Amino acid sequence: MQDNIKRMKELAAKLNKASEVYYQGKDEIMGNFEYDKLYDELQELEKKTGMVLAGSPTEKVGYEVLSSLPKETHPSPMLSLDKTKDPGQLALWLGSKEGLLSWKMDGLTIVLTYDNGGLIKAVTRGNGQIGEVITNNARFFKNLPLKIPFKGSLVLRGEAVISYTDFERINNLLSEGERYKNPRNLCSGSVRQLNNEITAKRNVKFYAFALVEAENTDFANSQANKMEFLAEQGFDVVEYKKVDAGNILDSVKWFEDKIPSNDFPSDGLVLILDDIAYGNSLGSTSKFPRNAIAFKWKDETADTKLTGIEWSASRTGLINPVALFEPVELEGTTVSRASVHNLSIMEQLRLGIGDTVQVYKANMIIPQIAENLTRSGNIDIPGECPVCGRKTSIHEENGVKVLICENKECLAKKIKLIAHFASRDAMNIDGLSEATIEKLVAKGLLHGLAGLFDLKKHEDEITQMEGFGKRSFEKLVQAAENARKTTTARFVYSLGIPNIGLSNAKMICRYMDNSFDKVRHAGKEELVEIDGIGEVIAEAFVDFFARPENNKIIDDLLKVVVFEDEEIQHNTEDMAGMGFVVTGKVNTFANRNAVKELIESRGGKVTGSVTSKTNFLINNDIMSSSSKNKKAKELGVPIITEQEFIEKFNIEV
């Protein structure tokens, strides 16, 4: 008995930790396959012992929300569903009744309240009892009606989801260390943002799956009628089929066949009794309602041979193991690698070269190792960082072992610096994202900034990288070649000198006759003579060029970079000594940055705040009550439109 209790405690601790991470939308520490396996083991032990320990995940609905969003208690608890992986059990559960079979979408459950035809509240499921109020974010869901024909009080539940297409698009914009593991995590992070502008950019969609209340409306005792009513109000409802025990197996197969072509994540199906009164009469357990059950897919697995472990360094200093194995087909695609996440998981699986491993796709997209069938455990943990060659060490936090590079100067930790160097306003290496930089560094193909202009020699390795092919490689090499020709100011800005933005770099370079030799040897006294350059900026500038390690990087770059004269747009300096602030949308110029560049080219200066030194605030919405407009009126600063600016300074556009 004591051994059983000890094991139950171990399982509960592992599952609770995994759930805590999962429901907060952070990086997963355990895949669905392993979670379900441990959960089932715990349930069996509880049945065997007749004991349920305090804090057991089989008695909990979720975790407490931890964000700073407002919290609200649900009028009635939102329970989880009992589940099965056997489609035959669905027919037995249904018996002689009819039911609705629908997708179990894998996103974030939301409760919406409408009154007098308008959306008044949106609350996340949270832990089933207390959720977070995300009304402002819900208003930016791509397909959510803000007004509906029904004018009474209406409450419904649905799932906020992000499609696979958008998941891949957003992840491709992020570096490896910032990427989300799956669409559900991305959706959770997007819906619970404090800034609803981020939610709006994430293309979150909402699919209704249950009508809780519709004031003074009769649905003839049918769940199907409720779904039709929701569709009539303009909601996208989850795809469903009306089923009975005779056709349910065919219906399950129908849904299963659609999975490869679906663009939204799902982790199974939901079966609910169509007879509302009968379903309600069944009541619920402390965890599950008895009128519905979930069906979870059996993960498609494949056995393959482990051929190696690739150690991938990240900007945080973590060196993560990636399993390499003989290619196998899963969910319609070929996979040959899977993240192992950390040393603890690698040790649990006892991975070894030549082992037979069982792999699957978590959420049908992320390759994972489910089991190691031979468990030789012969992997050596590297004592040196694969990027910088310096010493590594094993750290343990909250029971999880990770491998760390101890070198603070490791190039893998300088992804942001390299990305800044390649950015549009700097060297402008078009198409070189942080994600690509991180891959190049992790594979040891990039050892310094100058290496960005010598990628051609790594053609074989780069064209084999995920997301790369011959054409994308050639485009990257050509972009780097184009970027070799630059101006002195852009080059200075690209170096990432503290407090030196592009406008400061232009002022300094203009003062130094665009001679980089003069720029790098400039003294503090010389710099502070430049209008707009104070002592703090001057000190940071001089200190940067005094460091040997920075000069080594610069000298390497000067061997490949060619300076061109900065394009002079106007001979006139008619804006010299003038200060401008540009705010709001522009119509004639490409963007506000284009306005800024023109002003600077004609001797003017653009700042972010209106002060007594500001000569003009450019804002097409002169009547706006924005803080900048208010400040300008307070100080007597003229507010002019974009067109007035163009006419006043005789600008050709």
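Because the structure is a prediction, the values reported are computed rather than measured. Any value given below was found using the heavy atoms of this structure, including those in side chains, with hydrogens, waters and symmetry copies removed.
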Return the set of residues passing ring-ring contact (aromatic ring centres under 6.0 Å, His included) with [X] (not counting sequence neighbours), or none when no residue passes.
{"X": "Phe209", "result": "none"}
{"X": "Tyr278", "result": "none"}
{"X": "Phe229", "result": "Phe150, Phe219"}
{"X": "Tyr240", "result": "none"}

field: Pairwise side-chain contact, Val270 with Leu101, heavy-atom cut-off 4.5 Å (strictly under)
entry: no
- request: Could you tell me whether the side chain of Asn291 reaches within less than 4.5 Å of the side chain of Ile272, counting heavy atoms only?
  value: yes
Selection residues 84-104 - residue pairs positive for ring-ring contact (aromatic ring centres under 6.0 Å, His included), sequence neighbours left out: Trp103-Phe255, Trp103-Phe264
Taking [X] for the side chain and [Y] for the main chain, is one N or O donor matched with an acceptor at less than 3.5 Å?
{"X": "Asn221", "Y": "Ala277", "value": "yes"}
{"X": "Asp115", "Y": "Ile120", "value": "no"}
{"X": "Ser188", "Y": "Arg184", "value": "no"}
{"X": "His74", "Y": "Arg125", "value": "yes"}
{"X": "Asn137", "Y": "Thr199", "value": "no"}
{"X": "Glu215", "Y": "Gly152", "value": "no"}
{"X": "Glu396", "Y": "Lys401", "value": "no"}
{"X": "Asp244", "Y": "Asn247", "value": "yes"}
{"X": "Thr124", "Y": "Glu132", "value": "yes"}
{"X": "Gln89", "Y": "Lys85", "value": "no"}

- prompt: Does Glu197 come within less than 4.0 Å of Lys201, counting only side-chain N to carboxylate O?
  reply: yes
query: Does a salt bridge link Asp250 with Lys253, judged by any charged N lying under 4.0 Å from a carboxylate O?
result: no
Partner residues of [X] under the side-chain contact (heavy atoms from CB on, under 4.5 Å) criterion, sequence neighbours left out:
{"X": "Arg290", "answer": "Leu282, Thr285"}
{"X": "Pro145", "answer": "Tyr114, Ile148, Phe235"}
{"X": "Val212", "answer": "Val155, Arg157"}
{"X": "Thr304", "answer": "Phe325, Glu326, Val328, Val357, Val359"}

message: Would you say NZ of Lys205 has more than 12 non-hydrogen atoms from neighbouring residues, nucleotides or ligands within 6.0 angstrom?
response: no
NZ (Lys151) with more than 12 external heavy atoms under 6.0 Å: yes
statement: In this structure, CD1 of Ile276 is separated from OG of Ser222 (nearest 0.5 Å) by 6.0 Å
- request: Give the C-alpha distance, both sets of side-chain angles, the deciding distance and a yes or no for salt bridge (charged side-chain N to carboxylate O under 4.0 Å, His left out) between Lys121 and Glu72.
  value: CA-CA 11 Å; Lys121 188 164 57 181; Glu72 182 169 301; 2.8 Å; yes
- request: Not counting sequence neighbours, which residues clear side chain to side chain donor-acceptor pair (under 3.5 Å) with Thr165? List them please.
  value: Asp263
For residues 369-376, which side-chain donor-acceptor pairs fall under 3.5 Å, sequence neighbours excluded?
from	atom 1	to	atom 2	distance (Å)
Glu371	OE2	Lys37	NZ	2.5
Asn372	OD1	Thr374	N	3.3
Asn372	OD1	Arg375	N	3.2
Asn372	ND2	Leu349	O	2.9
Asn372	ND2	Arg350	O	2.8
Asn372	ND2	Asp355	OD2	2.9
Thr374	OG1	Asp355	OD1	3.1
Thr374	OG1	Thr356	N	2.9
Arg375	NH2	Gln348	O	2.7
Ser376	OG	Asp355	OD1	2.8
Ser376	OG	Asp355	OD2	3.2
Ser376	OG	Asn378	ND2	3.4

task: Compare every heavy atom of Ile353 with every heavy atom of Gly308, then report the nearest pair and how far apart it is.
output: CA-CD1, 3.3 Å
- request: Kindly state each residue pair satisfying salt bridge (charged side-chain N to carboxylate O under 4.0 Å, His left out) with at least one member in residues 232-241, sequence neighbours excluded.
  value: Glu239-Lys258
